[in-house]
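All values below were derived from every heavy atom in this structure, side-chain atoms included, with hydrogens, water molecules and symmetry-related copies excluded.
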Amino acid sequence: LPYRDARRLQMANRQRRTLTNEQRVHLTEKRKKMAGKTAVGDSSKTEGQFLRKWEARGSISFKQMRGFSRMFPLPIWMEPTTMRFNTNDITLTDARLHLGKSNFTLNGEISQIRKAMLRGGKLKGNFNLNSDYIDCNQLMQAANNGMQYGENTDLLMLSDENIAQLNTESLQDSIAQTETDTTSQLFVLPAFLDMALHTNAKRIDFKDLELENVVGEIVLRDQSINLSKLNIQSNMGNGNLTMVYRAKNGQEATAGLDLDMEDVKVEKLIALFPSIDTLVPMLRSFEGVLDCQVTATCKMDSTMSLIMPSINSSCYLHGNNMVLLDGETFTEISKTLMFKNKKRNMIDSISVDLAIKDNKIEVFPFLVEMDRYKVAVGGTHNLDMTFNYHLSVLKSPVPFKLGIDITGNLDNLKYKITKCKYKDIFKPAKQAELDSTRKNIRKDIRDAVRKQIEEAAPELGKDLALVKAADVWEP
């Protein structure tokens, strides 16, 4: 027996010698009742007693381990592995873990187990994570299903009876539900997790996005997911991502990101993020490949849909050899200006800078060369799909400059000929003033994203990709 139990037994023996028969019977009955409560109570009490009284050390080797939990309804299994452990730490070396369709090779340790289980502390981990394939859609759905099960079910101590209920048929039903239930909902990270993952994944599926050769740092802490300098190659384009996502409950989440991507196909961008079509309606009228840089903060509802009034963003788009299609916004204009080919109009180069705040999109003046025209475009676009744009025709078959104001919405388009508003906007002095305004807006949003990440994961703050982008590179 441990020293503490030995002392307790010795004191009980001394006390027993001085008790009357009636007192002994009463004490015996009381101990029986206490023992019965422990036997049918929460298993965490027994685990807590074990961790307080015992110090266990050792290693475990196995050829294969399988597991399943209603709290994470996916098949779990590990290949031949040896792990070293004590009652506070677990060390894994080349541990190959499979969760549903996903696989991981882990090197690192889990620490502060005793503190997490006894005093409600954080369960810490630091791992190098390598993977051939990660299905984020399946993993997030399994985690959400587990949380719903935990909220709707009394989690009793495991016994032979309820373990027997986890038969093959019921497990397959849970797995099938996880794979077929595609309803989007917020992912809430457990509050006790504090994990740092140095990630190198060959492929990651997230929604319809297929990411390849993903390398970067991921920190899970305080119910937030923080990504730093995540280099990605995907079916949409190539680039790097810095992001923070936080959800305290299943009703609302906040997010911030700094995304820099090259060679993005416009149609794939709209298909993957339908909300961007609302934010930048002009994209529907373009075809081709873009470079884009997006910095944004926003909130999401319980279905992971963007809450539009909460969006604060700056976006920079640049493309060469773009095709302007016969979109709703430009149909009447092309008729008025008598474009030679009204269905497909080639644009040699386009660079668009815009800011989103207070339910309004501000499009900074940008230059478009198309057909026989050189046009400067700028204005505002509201999230209720009404807009107020101005086009300054700087070069055309007409021997003078003119302006066109476009107002209304796509169903009720109004335009009129006015003075040329942007005729001097691209001169050096005016251009410098415009660039300064755009940079200040972009810097404010980046600072907000950086602050969120630094608060949640200070170790990522010094090397954030968005810090370098803000200080070194500006489009």
Side-chain angles (χ1 to χ4, degrees), residues 1-6 38 41-69 71-72 74-100 102-131 134 139 142-143 146-147 150 155 157-158 188-201 215-228 456-461 463:
L1 289 175
Y3 175 76
R4 186 183 302 174
D5 281 358
T38 304
D42 191 343
S43 62
S44 62
K45 294 181 180 179
T46 304
E47 294 164 358
Q49 291 174 359
F50 173 83
L51 289 172
R52 286 187 177 95
K53 295 179 181 179
W54 296 86
E55 174 67 28
R57 299 186 186 92
S59 64
I60 298 176
S61 298
F62 50 84
K63 292 182 178 180
Q64 189 177 87
M65 181 180 73
R66 292 183 178 272
F68 185 87
S69 170
M71 298 298 293
F72 194 80
L74 284 178
I76 304 169
W77 64 282
M78 294 182 70
E79 298 180 33
T81 301
T82 298
M83 63 175 69
R84 290 181 288 109
F85 69 90
N86 57 47
T87 44
N88 199 53
D89 306 305
I90 297 175
T91 302
L92 302 177
T93 304
D94 292 331
R96 291 181 289 277
L97 173 66
H98 298 258
L99 300 176
S102 307
N103 63 79
F104 309 89
T105 300
L106 299 170
N107 286 279
E109 70 172 9
I110 300 173
S111 60
Q112 296 192 10
I113 297 173
R114 183 187 286 112
K115 184 177 180 180
M117 297 188 70
L118 296 181
R119 298 191 294 277
K122 301 288 186 181
L123 183 66
K124 294 197 172 186
N126 192 338
F127 289 100
N128 290 321
L129 185 153
N130 295 280
S131 176
I134 300 175
L139 295 176
M147 285 188 291
L155 299 179
M157 182 179 65
L158 286 178
V188 182
L189 197 70
F192 63 83
L193 278 184
D194 186 349
M195 297 280 175
L197 305 173
H198 314 284
T199 306
N200 185 347
V215 179
E217 307 295 319
I218 303 176
V219 174
L220 314 178
R221 182 180 298 150
D222 296 331
Q223 294 187 290
S224 69
I225 302 174
N226 306 275
L227 312 181
S228 174
E459 65 268 33
L460 299 182
D463 298 321

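Judged purely by distance below 3.5 Å, without hydrogens or angles, the side chains of Asp89 and Thr91 never pair a donor atom with an acceptor atom.
Contact check for Thr93 versus Thr82: no side-chain heavy atoms found under the 4.5 Å cut-off.
Ile218 and Ile225 get closest at one heavy-atom pair: CG2-CG2, 4.3 Å. Annotation for Leu189 and Arg221: closest pair CD2-N, 4.1 Å, computed over non-hydrogen atoms. The nearest pair of heavy atoms linking Ile113 to Thr87 is CB-O, 4.0 Å. Closest approach of Asn88 to Lys115, counting heavy atoms only: OD1-N, 4.2 Å. For the residue pair Phe127 and Met195, the shortest heavy atom distance occurs at CE1-SD, 4.3 Å. Counting all heavy atoms, side chain and backbone alike, Gln223 lies closest to Ala191 at CG-CA, 3.6 Å.
At distances below 3.5 Å, not a single donor-acceptor pair connects side-chain atoms of Asn107 with backbone N or O atoms of Asn128.
In this structure, the separation between CD1 on Ile90 and CZ on Arg84 is 12.0 Å, given to the nearest 0.5 Å. To the nearest 0.5 Å, the span separating CG on Asn86 from CD on Glu55 amounts to 5.5 Å. Taken to the nearest 0.5 Å, the CE atom of Met83 stands 8.5 Å off from the CD1 atom of Ile110. Taking OG of Ser131 as the reference point, atom CG of Asn200 lies at 9.5 Å (rounded to 0.5 Å). To the nearest 0.5 Å, the span separating CG on Asp94 from CD on Glu79 amounts to 11.0 Å. Between atom CG of residue Leu227 and atom CG of residue Leu220 there is a gap of 9.0 Å, rounded to the nearest 0.5 Å.
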Step by step, work out the side-chain contact (heavy atoms from CB on, under 4.5 Å) result for His198 and Asn126. CA-CA 8 Å; His198 314 284; Asn126 192 338; 3.0 Å; yes

Yes or no on side-chain contact (heavy atoms from CB on, under 4.5 Å) for Glu217 and Asn226, after CA distance, side-chain angles and deciding distance? CA-CA 8 Å; Glu217 307 295 319; Asn226 306 275; over 6 Å; no

Worked check of side-chain contact (heavy atoms from CB on, under 4.5 Å) between Leu106 and Leu129: CA-CA 5 Å; Leu106 299 170; Leu129 185 153; 4.0 Å; yes

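Remark: Ser102 engages Phe104, Ile134, Asp135, Leu139 in a side chain to side chain contact (heavy atoms under 4.5 Å, CB included) (not counting sequence neighbours). By the side chain to side chain contact (heavy atoms under 4.5 Å, CB included) test, Ala95 is found to be paired with Met78, Thr81, Leu92, residues two or more places apart in sequence or in another chain being considered. With sequence neighbours left out, the ring pair (Phe, Tyr, Trp, His ring centres under 6.0 Å) criterion links His98 to Trp77.
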